[in-house]
Structures are given as C-alpha cells and as structure tokens.
K.L.:
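Mind having a look at this structure? Questions to follow.
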Amino acid sequence: MQNPHAEYIEELLEGLNEPQREAVTHGEGPLLILAGAGSGKTRVLAHRIAYLIHTDQAQANEILAITFTNKAASEMRERVERLLGHATRGMWLMTFHSACARILRTDAPRLGYTRQFTIYDQADARRLTKRAADAVGVDPKRYTPAALNNQISAAKNQLRDAAEYRSTAAGPFEEMVADVYDIYERDLVRMNAMDFDDLLFRVVNLLELFDDVRERYTEMFRHVLVDEYQDTNHAQYRLLQLLVGGGRAPGGGEGEGGRPSYAGPIGHRNLAVVGDDAQSIYSFRQADIRNILDFQEDFPDARVVKLEQNYRSTETILSAANAVIANNRGGIAKRLWSELGQGEQIHLRGLDDEHAEARYVVGEIERLLDEGAARSEIAVLYRTNAMSRVIEDTLVRREIAYQVIGGTKFYERAEIKDAIAYLTLLANPQDLVSFTRIANSPRRGLGATSLARVISHAQTLDVPIWEAAASPQEVPGLGAAAVKALDRFMSTMHELRELSGEAPIAELLESLLSQTGYVEALEAERSIEAQGRIENLEQLVEVGREFDTAAAPGDGGLDVFLQEIALVADADTRSDDAGLITLMTLHNAKGLEYPTVFIAGCEEGVFPHSRALDEGGLEEERRLFYVGITRAMRALYLTYARRRAVFGASTIGLRSRFLDEIPAEVLDEPLESVFRPGLGSIGRRAMHGAGAGENGAAAPGAWREAARDPTGPVTAYRLGEDIVHAGFGEGVVTGVEPGGVIVVRFAADGSERKLMAEYAPLQRR
DNA sequence: ATCCTGATTTTTTTT
DNA sequence: AAATCAGGAT
C-alpha cells in the first residue's frame with residue numbers, strides 16, 4: 001500500500017544527514033538530541049514537527065513545542081508552515097512561560113485566581129519584595145530587595161513554596177528570607193498576581209493537584225518537543241514530567257509517592273529534547289545542566305542522537321571552540337567538525353582602552369561594509385549590557401545604523417510601564433502595584449501619605465484597592481484635597497473600565513492616554529525627552545493596533561493582550577532588517593549566527609566576569625565564551641582593552657585567560673597586542689615598524705614570524721605549543737593560567753607540571 | 001506635595 | 001559616568 005505522502009516525506013528528509021534523519025523520523029518514546037553548535041538543530045526540530053504531522057502521528061494541535069524565545073518560536077512556526085505548505089493554527093509553539101500563561105488563562109480559577117491575573121515582571125517583583133522586606137523590618141542596607149528576590153526566585157524555580165522554604169531554612173539569613181517570602185507570597189495572592197516564576201510553579205501545582213486537568217493536557221499534547229533543554233530548570237523539568245509521564249523508573253508507581261523520586265504519572269513519554277550541555281549558560285536562573293546530563297537515566301530507553309557536523313562555521317573557528325571547551329571537565333564528549341574549509345584566521349587585538357577598542361571594532365566594521373558586507377551580517381557581542389554604550393557612541397559618530405538587544409527595554413520605559421499599569425488596573429482591580437504606580441502619574445496631588453492611607457484602608461477591609469479608592473470619603477484621615485483628587489481619578493477610571501469591555505485595545509489606550517491627562521502632562525513639559533516619551537506611547541498604541549487585527553476571534557481580550565506583552569523578551573524585538581548592525585550580550589546571542597562576530601571585552605574580570613569566578617562559575621563563563629565563538633560563521637574578532645572605565649573609574653585589565661586557550665595557529669595577533677606598552681625596545685619598534693594600521697593595529701600577520709622567534713623576549717605561551725625544558729626535556733603546553741603559570745606535559749614520563757613561564761628554563765621548539 | 005541636592009550605588013547574565 | 005535615593009528646603 002503506497003503511502004500517498006511518500007514523495008512528500010522523501011522530500012522532507014532530503015538534504016538531512018544520517019543522524020538528523022534519525023532524529024526526525026524517530027517515532028514514539030523519549031528522544032535526546034545532543035546537538036552541537038550550528039549542527040542544524042532548529043532544522044531538525046522543524047522537520048520533525050512537520051514529519052509527525054505528515055505521517056499522521058500527530059495533528060498540529062497535539063504538539064507542544066517549547067523554544068527559548070518567542071522570536072525563535074515564530075521563526076520555527078514559519079519554517080514548519082513552509083515545510084507543510086499550510087498554516088499550523090492550534091499548534092502550541094512558544095516559550096515555557098507563554099505556554100504556562102496560556103494554560104493559566106484557562107485554569108487559574110482552579111487555584112483561586114481570576115483569568116485576568118496580572119503578571120509581574122522582575123522590576124514589579126522587586127518592588128513587592130521591598131514592601132515585604134520593609135514589613136519584616138529587614139535592614140535595606142544589608143539586604144537589597146534584588147538579593148532577597150533572587151533567593152525567593154531560586155526557591156520557586158526549585159518548586160519550594162514559602163512553607164517549604166521555612167521548614168528547611170538554615171541560619172538567620174534564610175529565616176529572614178522565609179519571613180519575606182511569606183509576606184511576598186501573601187501579597188501576590190491578594191493582588192491576584194503572579195511573578196515569572198509563579199507561571200511555572202502554579203502550572204505544576206495545577207497538574208499535581210487536579211488529575212482531570214492533567215489528563216486534559218497530557219491527552220492534548222501527544223508530542224512534546226523542547227529546544228535548549230540544557231537551560232531548563234527544575235520547575236520546567238517537573239512540568240515536562242507531568243505532561244509526558246515517566247521520568248525515572250518508567251512504569252513505576254502512580255507518582256503519588258515520595259517527593260524526591262521524580263517518577264511522574266504514567267504517560268505517553270513522547271518527549272523529544274534538543275540541547276547541548278556545552279552551551280548551558282543560565283545557571284543563575286536555576287537552569288540545571290543535570291537535566292540534560294541525566295536524561296538517559298531519567299529515560300533509560302531513550303534514543304540518543306548526536307549531531308556533530310557543523311554547517312555554520314569554518315574549521316578555524318571550530319578548532320578554537322573545541323580547544324576552549326576542552327578546558328572544562330565533564331560534559332558529554334562531542335567534537336564538532338565542518339566541511340567549510342579553514343577560512344580566515346581569528347583576529348585577536350589588544351587595545352589601550354575601551355574607546356580604542358570601540359574604534360578598532362567600528363573601523364573593521366566600516367572596512368567590511370566597504371567590501372560589500374551587509375550590516376545584518378555583523379554582530380558585536382559583549383559580557384554586560386553596560387559595555388554597549390561606548391560602541392554605540394562610536395557607531396553613532398560614524399553614522400552606522402545599529403540595533404541593541406537588551407539593556408533598557410521598550411516595555412521597561414517608565415511611560416510604557418505607566419500606560420500598561422493603567423490597562424492592568426482596568427483588567428485586575430486588585431492590582432495594588434499598578435494602582436500605586438499610576439495613582440499620581442501624571443501628578444494629580446495624590447502623594448505618598450494619601451496613598452498609604454488608601455492602601456491600608458483597603459487592607460483593613462480586605463477589599464480590592466479599586467473598591468477602597470472608589471469611595472475616598474470613607475478613607476480615614478484623608479485630606480479634603482486628596483479625597484477630591486482621588487474621586488476625579490476614579491471616575492475617569494470607571495469610564496475607561498466601561499470602554500475596556502467593548503473597545504479594541506488601541507482605541508482604549510488612546511482614550512486612556514488623553515482622558516487621564518497623561519499625554520497632556522508630557523506635552524506641557526515641552527522637552528525633547530518628553531517628545532520621545534510621547535513617541536514611545538504612540539508606538540505602544542501601534543502594538544495594540546497590531547494585536548487588535550492579529551488576534552484570533554475570542555482571544556483578543558485585554559487580559560490576553562496584557563499577558564502577552566508581559567512575556568515579550570527583548571530578544572523577541574530583534575529585527576532582521578538588513579540595514580542594522582546588531583549589538584547584544586553573549587547571552588542574548590544564543591541560538592543566533594552571523595557571518596562576522598566581534599567579541600569585545602575579553603579581559604579578566606570582565607570575561608570571565610569577576611562575580612562569576614567562584615563555585616563552578618568559571619566553567620559556565622567558558623561555555624559562554626564557547627557560545628560566543630560558535631556564533632561566527634566566517635570571521636571572528638576578539639578584542640580586549642588594557643584599561644577600561646568601570647563605574648567611571650579607570651581600571652587595569654589583563655587579557656582573558658580564555659584567549660590563551662585558543663591554539664596559536666588559528667590566531668592572527670599582531671605583536672604589539674602581546675607586548676604591553678613600555679615592555680622593551682622590540683615592542684616599541686614593532687609599533688613603528690610594520691606600519692601600524694588605521695587604528696593603531698598592525699597589518700595582519702606582519703610580525704607573526706617575530707612572535708615565534710625563540711630568542712625574543714618571553715611572550716605568552718599558548719595552548720598546544722611544543723617546548724623543551726632544560727631538566728625535563730620535551731613537552732607540550734596543556735594549560736595556561738593567569739599569573740604567567742603554564743601547565744606542561746612532558747613526553748619523557750607523561751607527567752604534568754606547573755611552571756612559571758618567565759623563569760623556567762624553557763625554549764620553544 | 002513637590003522639588004532640589006548631595007550621597008550612594010551600579011555591572012553579570014534574563015524569561 | 002549615570003541613575004537612583006534619602007533627606008531637607010520650599
């Protein structure tokens with residue numbers, strides 16, 4: 001019997017290599033795809049989804065596919081639709097957080113929330129944590145709300161609620177956090193609100209508490225696929241187990257047993273995960289690399305597919321990446337290879353300070369553009385958002401168009417948050433955070449004292465803040481002026497609430513901004529800044545208009561709009577506009593690729609970051625460096641600055657230890673990069689000699705021979721260099737550590753010794 | 001209630 | 001260097 005789709009399926013598998021094919025055509029049961037960087041995992045995922053639908057193993061609406069960003073999700077959806085030739089409405093293709101918000105929009109009432117619950121972002125969560133900390137009497141100098149909230153967030157991501165946290169709290173600090181956690185949690189519930197972590201946690205609660213709900217979703221999602229599995233946290237792990245069943249001890253108990261055994265309820269176990277342990281970079285967000293490392297223990301019958309052929313980068317770039325990651329212990333052995341040829345060497349430059357670094361980067365960008373490169377082919381990556389500024393300044397000066405991903409996000413701008421807070425209060429009258437945000441914005445004479453009175457009145461009566469504010473004359477101690485101001489404010493809000501039932505979002509926003517006097521107040525300022533804010537608000541109205549036209553019928557409510565924009569990540573706003581250079585942190589670059597990549601700020605303390613250097617942090621920093629390197633397709637530039645302004649003060653920086661983990665033969669590093677200024681006549685002569693390039697950098701390769709000259713002054717030894725020691729004989733450099741220490745393995749007895757490069761009797765051979 | 005000023009803090013990384 | 005915050009003046 002000929003399958004009518006046979007040719008189509010053949011077409012679907014065309015151009016895939018053997019392991020990719022295996023992953024795509026794998027049928028039921030657990031599947032682990034270990035996908036090295038650039039090995040075509042997005043492609044495999046898209047093809048697998050299309051394959052499942054084509055072979056009738058699943059309908060589109062029976063698939064749950066989790067990606068790391070909304071942007072990745074919509075790109076994936078496009079790919080799948082192109083493969084299938086038709087739309088995929090009904091397929092759940094989104095982030096963990098979006099999927100959870102969507103589940104909760106249906107089922108949150110089971111847990112005592114309304115469907116209009118508010119999602120608080122990190123800033124809101126911190127504000128609420130501060131309130132809780134104040135109530136507990138925490139010394140705000142010793143413990144910042146951010147630090148406290150991080151503790152709470154970490155607990156939630158491990159599915160530990162306030163009571164559980166208290167029961168295991170050890171020491172006074174954790175006791176105190178437990179107190180804060182209690183109040184914070186109580187406030188959230190009272191305000192019908194959830195933070196980001198709650199979205200996951202509450203869905204886990206929902207599925208654990210209500211068998212009927214769990215069954216509904218397990219039956220609904222016959223196939224679950226997860227991208228970037230190495231960066232899932234415990235809550236996400238548990239969620240997956242509840243959805244697909246199984247986990248440890250397949251066929252084991254009904255799941256009601258002890259907690260620490262993760263045996264979930266019995267399910268179809270159709271879980272396909274894709275990831276790369278070498279790219280795990282979110283442990284600060286409680287991502288647990290063990291989720292991917294232990295997958296085969298969780299599912300002993302899992303099919304495991306390794307994708308090691310890289311279709312993205314040159315061999316030069318890959319050998320750098322492989323050499324760097326080899327310095328980490330453990331991990332799943334992989335060796336990326338590619339057929340794309342050696343390509344050009346990796347450009348490594350040391351510059352005097354961050355301004356020189358920016359000038360060098362932008363100078364090279366200009367050169368590349370002159371040679372015909374498109375701006376969209378170039379990305380500049382850095383460790384921290386603050387580092388974008390200097391580069392931005394330089395780009396502006398040279399009039400090169402760029403986009404910055406991250407940093408101050410659109411939805412975090414004060415005016416945008418205000419406008420959204422108005423909408424949020426209309427949807428959720430219990431939302432105290434939104435109320436306090438907008439009650440006096442624009443100024444209407446409602447100061448902190450008056451607001452505190454209204455709030456405490458609402459809390460004594462245990463009624464929503466909206467209700468308490470609606471009858472200001474009943475608030476004890478409220479001055480006559482304040483009563484009047486509140487009265488006016490609330491009558492506007494009541495009018496808007498009427499409107500919110502029927503009007504489209506864009507219209508509601510527009511009337512809100514005019515009726516509350518918000519835009520008027522900005523216009524009155526008559527400043528450029530205020531004008532910018534007004535433009536931002538216009539942009540927000542535009543977002544609303546797009547939502548109005550795009551939203552599926554019956555799914556276009558205010559609550560849906562608010563919950564959607566609460567989960568917009570900045571990475572989602574990345575434009576593919578061919579006319580823009582892209583600037584972003586290394587974290588934001590995950591999953592992306594560019595023909596030319598710059599990694600700036602390769603200095604000790606910056607990258608690896610000084611605050612990451614304790615417990616195991618170094619390996620994660622190295623993975624981050626690995627992620628950065630493997631973003632590059634053809635050209636990679638690494639730069640560091642010998643001096644850098646940190647907090648306005650100039651600081652001396654040493655080149656990153658990661659640079660010395662890259663094999664010398666793939667690097668193109670001019671001499672004056674290696675020699676620190678004033679280190680001797682040869683260094684200085686090099687500066688004058690071979691013709692310093694436009695930005696003070698010598699022409700590539702000019703002094704490479706000199707750098708190898710064994711009689712020259714001590715230069716940094718690099719990984720893999722062959723040396724001769726006067727006492728121990730021949731050996732090879734197997735490690736380079738900061739402080740001029742190198743590790744050498746000697747051929748004679750195979751021993752490894754640490755030596756001071758400068759003083760040991762060493763020679764290159 | 002609002003504005004001004006000086007002190008303090010900020011930089012990991014993000015859904 | 002810039003942003004936020006507390007305290008005090010208006």
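Order of the sequence lines fixes the chain letters, A, B, ..., with proteins taken first and strands second; residue numbering starts at 1 for each chain.
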K.L.:
Any side-chain heavy atom of A/I281 sitting closer than 4.5 Å to one from A/Q230?
P.N.:
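Result no, sub-4.5 Å side-chain heavy-atom pair not found.
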K.L.:
Going by atom type alone, with no hydrogens or angles, which donor-acceptor pairs under 3.5 Å involve a side-chain atom of residues 517-525 of chain A and a protein atom two or more places apart or on another chain?
P.N.:
residue, atom, partner, partner atom, Å
A/Y518, OH, A/D418, OD2, 2.5

K.L.:
Protein-nucleotides 2-5 of chain B N/O pairs closer than 3.5 Å?
P.N.:
residue, atom, partner, partner atom, Å
B/dT2, OP2, A/N440, ND2, 3.1
B/dC3, OP2, A/R443, NH1, 3.0

K.L.:
Measure from CD on A/E392 to C1' on C/dA1 and round the result to the nearest Å.
P.N.:
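Taking atom C1' of C/dA1 as the reference, CD of A/E392 is at 15 Å.
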K.L.:
Compute the ring centroids of A/Y120 and A/F196, then answer whether they are less than 6.0 Å apart.
P.N.:
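Distance test on ring centres: not under 6.0 Å, no.
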K.L.:
Flag the pair A/F173 / A/Y143 as yes when their ring centroid distance falls below 6.0 Å, and as no otherwise.
P.N.:
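Yes, the ring of A/F173 comes within the 6.0 Å limit of the ring of A/Y143, centre to centre.
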K.L.:
Examine B/dT14: is either OP1 or OP2 under 4.0 Å from a nitrogen or oxygen in the side chain of A/N385? Give yes or no.
P.N.:
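So the side-chain polar atoms of A/N385 do come within 4.0 Å of the phosphate oxygens OP1 or OP2 of B/dT14, strictly under.
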K.L.:
Could you label the plane-to-plane angle of the A/F658 and A/F625 rings as parallel, tilted or perpendicular, counting under 30° as parallel and over 60° as perpendicular?
P.N.:
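Correct class here is parallel.
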K.L.:
Could you check how far CD1 of A/I281 sits from P of B/dT15, rounded to whole Å?
P.N.:
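In whole Å, B/dT15 P and A/I281 CD1 are 11 Å from each other.
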K.L.:
About how many Å separate CD of A/Q531 and CG of A/N536, when rounded to the nearest 0.5 Å?
P.N.:
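A/N536 CG to A/Q531 CD: 10.5 Å, rounded to 0.5 Å.
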K.L.:
How many angstroms lie between CG in A/D121 and CZ in A/R127, if you round to the nearest 0.5 Å?
P.N.:
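The distance works out to 7.5 Å.
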K.L.:
Inspect the contact between A/E603 and A/R644 and indicate whether a charged nitrogen and a carboxylate oxygen are less than 4.0 angstrom apart.
P.N.:
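Here A/R644 pairs with A/E603 in a salt bridge, since their nearest N and O are under 4.0 Å apart.
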K.L.:
Who are the ring-ring contact (aromatic ring centres under 6.0 Å, His included) partners of A/F68, not counting sequence neighbours?
P.N.:
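So A/F68 forms a ring-ring contact (aromatic ring centres under 6.0 Å, His included) with A/Y282.
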K.L.:
Round to the nearest Å and state the distance from A/Y626 atom OH to B/dT13 atom C1'.
P.N.:
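Going from A/Y626 (OH) to B/dT13 (C1'), I get 19 Å.
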K.L.:
Please state how far atom CZ in A/F489 lies from atom P in B/dA1, giving the value in whole angstrom units.
P.N.:
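Those two atoms, CZ and P, are 15 Å apart.
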K.L.:
State which of B/dT15, B/dT14, C/dA2 makes the closest approach to the side chain of A/F196.
P.N.:
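Of all the options, the side chain of A/F196 is nearest to B/dT15.
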K.L.:
Do the side chains of A/E185 and A/K156 get close enough for a salt bridge, i.e. N-O under 4.0 angstrom?
P.N.:
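Salt bridge: yes.
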K.L.:
Need one value for A/Q122: base, sugar-phosphate or nothing, where a base atom within 4.0 Å counts as base even if backbone is also close, heavy atoms only.
P.N.:
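Touches a base.
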K.L.:
Looking at every strand, decide which applies to A/Y282 at a 4.0 Å heavy-atom threshold: base, sugar-phosphate, or nothing.
P.N.:
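The residue A/Y282 makes sugar-phosphate contact but no base contact.
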K.L.:
Roughly how many Å is it from CE in A/M387 to P in B/dT13, rounded to a whole number?
P.N.:
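That distance rounds to 11 Å.
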K.L.:
Give me the distance, rounded to whole Å, that separates B/dT11 from C/dA6 when you measure between the P atoms they each carry.
P.N.:
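Between the two P atoms, the distance is 16 Å.
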K.L.:
Supply the atom-to-atom distance A/R202 CZ to A/L104 CG, rounded to the nearest 0.5 angstrom.
P.N.:
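A/R202 CZ to A/L104 CG: 9.0 Å, rounded to 0.5 Å.
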K.L.:
Applying a 4.0 Å non-hydrogen cut-off, can you work out what A/S98 is touching in the nucleic acid: base, sugar-phosphate, or nothing?
P.N.:
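Nothing, no nucleic acid heavy atom in range.
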K.L.:
Mind running a 4.0 Å heavy-atom check of residues 197-204 of chain A against DNA chain B and sending the residues that fall below it, in number order?
P.N.:
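Of all residues in residues 197-204 of chain A, none places a heavy atom under 4.0 Å from DNA chain B.
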K.L.:
At a cut-off of 3.5 Å, list every protein nitrogen or oxygen paired with a nitrogen or oxygen from nucleotides 5-10 of chain C, distance to 0.1 Å.
P.N.:
none

K.L.:
Using heavy atoms to find the nearest nucleotide of DNA chain B for A/R383 and A/V568 separately, return the residue whose nucleotide is more 5′.
P.N.:
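Nearer the 5' end of the strand: A/R383.
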K.L.:
Salt bridge or not between A/E412 and A/K417? Use side-chain N to carboxylate O under 4.0 Å.
P.N.:
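Salt bridge absent between A/E412 and A/K417.
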K.L.:
CG of A/N150 versus C1' of B/dT13: gap in Å, rounded?
P.N.:
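Answer to the nearest Å: 11 Å.
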K.L.:
Can you tell me how far C1' of B/dT15 sits from CD of A/E564, to the nearest Å?
P.N.:
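So the two atoms are 15 Å apart, to the nearest Å.
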K.L.:
Quick one: is A/T449 getting a side-chain N or O under 4.0 Å of the B/dA1 phosphate, OP1 or OP2?
P.N.:
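It does, given that an N or O in the side chain of A/T449 lies less than 4.0 Å from OP1 or OP2 of B/dA1.
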K.L.:
Enumerate the protein-to-nucleotides 8-11 of chain B contacts in which both atoms are nitrogen or oxygen and the separation is below 3.5 Å.
P.N.:
residue, atom, partner, partner atom, Å
B/dT11, O3', A/R611, NH1, 3.3

K.L.:
Is there a side-chain contact between A/L567 and A/T95 (heavy atoms, below 4.5 Å)?
P.N.:
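No, every pair of side-chain atoms sits at 4.5 Å or beyond.
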K.L.:
Does a donor on one side chain sit under 3.5 Å from an acceptor on the other, for A/T118 and A/N192?
P.N.:
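There is no such pair between these side chains.
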K.L.:
Hey, could you give me the CZ/OG distance between A/R105 and A/S98, rounded to the nearest 0.5 Å?
P.N.:
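A/R105 atom CZ to A/S98 atom OG measures 9.0 Å (nearest 0.5 Å).
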K.L.:
Could you state the atom-to-atom distance from CG of A/L624 to C1' of B/dT14 in whole Å?
P.N.:
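Value for this atom pair: 13 Å.
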K.L.:
Give a yes/no answer on whether the side chain of A/N588 brings an N or O atom under 4.0 Å of OP1 or OP2 in B/dT13.
P.N.:
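For A/N588, the contact criterion (side-chain N or O under 4.0 Å from OP1 or OP2 of B/dT13) is not met.
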